[in-house]
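Worksheet: the structure to be examined is printed underneath.
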Amino acid sequence: QVQLQESGGGSVQTGGSRRLTCSVSGSTSIFNWSCMTWFRQAPGKEREGLAGFDTNGNVKYAESVKGRFTISKGHGDITAYLDMDRLKPEDTAIYYCASMGSVCSGVRLSPHEYPAWGQGTQVTVSP
């Protein structure tokens, strides 16, 4: 069973940068880790898919973060990062990483397709 843990949240000023890390534990089979996406949820809003990759290494970004956020994998493919640049107050949210727990072709940004989630890390962007 894949267990995910986010870290790196905190407070940052508008225009600043932040790196979030998603660490995987439990089963580290590439097949359980190959489809992973970052999400966020702001108060009163639905959970939003931001950036993810599929088994083939394809990457997809939501329009709201394209050009500002970058998703990448770490050593051994059991760590994933979300580098966030030019942050805005509307980026304030709890950020989650999620795994599909299987191989996949094509990146899905819908939260309903992900059974495995981390606990989330808060990012607050001040004006």
| query | With no hydrogens and no angle check, is any side-chain donor or acceptor of Arg108 less than 3.5 Å from a backbone partner on Cys35? | reply | no
| Does Asp83 have any salt bridge (Lys or Arg N to Asp or Glu O under 4.0 Å) partners at least two apart in sequence or in another chain, and if so, which? | Arg19
| OH of Tyr95 to CD of Glu48: how many Å apart, nearest 0.5 Å? | 8.0 Å
| query | Among Val12, Val123, Thr124, whose side chain to side chain contact (heavy atoms under 4.5 Å, CB included) with Thr92 holds? | reply | Thr124
| What's the spacing between Gln5 CD and Cys97 SG if we round to 0.5 Å? | 8.0 Å
| Shortest non-hydrogen contact between Gly49 and Ala62, atoms and distance | O-CB, 3.3 Å
| task | Report the residues that fulfil side chain to side chain donor-acceptor pair (under 3.5 Å) with Asp91, sequence neighbours left out, ordered by chain and then residue number. | result | Arg40, Arg68
| query | Hey, any chance Trp38 and Val125 share a hydrophobic cluster, counting ILVMFWY side chains that come within less than 4.5 Å of each other, even indirectly? | reply | yes
| Would you say Tyr114 and Ile94 are hydrophobically clustered, going by side-chain heavy atoms of ILVMFWY under 4.5 Å? | yes
| Does one hydrophobic cluster hold both Phe53 and Leu4, with members joined at side-chain heavy-atom distances below 4.5 Å? | yes
| About how many Å separate CG of Leu50 and OH of Tyr61, when rounded to the nearest 0.5 Å? | 10.5 Å
| request: Just do the side-chain hydrogen bond (donor to acceptor under 3.5 Å, both in side chains) check on Ser17 and Asp85 with the steps written out, would you? | output: CA-CA 4 Å; Ser17 299; Asp85 297 316; 2.8 Å; yes
| request: Please say whether more than 12 non-hydrogen atoms of neighbouring residues, nucleotides or ligands are located less than 6.0 Å from CD in Glu46. | output: no
| said: Is there a path of hydrophobic side-chain contacts, each under 4.5 Å between heavy atoms, that joins Val65 and Val59? | reply: yes
| field | Result of checking Leu20, Leu82, Thr21 against Thr121 for side chain to side chain contact (heavy atoms under 4.5 Å, CB included) | value | Leu20
| request: Supply the atom-to-atom distance Lys60 NZ to Lys66 NZ, rounded to the nearest 0.5 angstrom. | output: 8.5 Å
| request: Look only at the side chain of Asp54 and the backbone of Asn56, and say whether a donor-acceptor pair between them is shorter than 3.5 Å. | output: yes
| task | Check whether the ring centres of Trp117 and Phe39 lie less than 6.0 Å apart, and answer yes or no. | result | yes
| Straight-line distance of Ser102 OG to Glu113 CD, nearest 0.5 Å | 9.5 Å
| Is the closest side-chain heavy-atom distance between Thr55 and Ser105 below 4.5 Å? | no
| said: Given 3.5 Å as the limit, does a donor-acceptor pair link the side chain of Ser99 with the main chain of Met36, or not? | reply: no
| field | Nearest atoms (heavy-atom pairs only) where Pro89 meets Pro127 | value | CG-CA, 4.2 Å
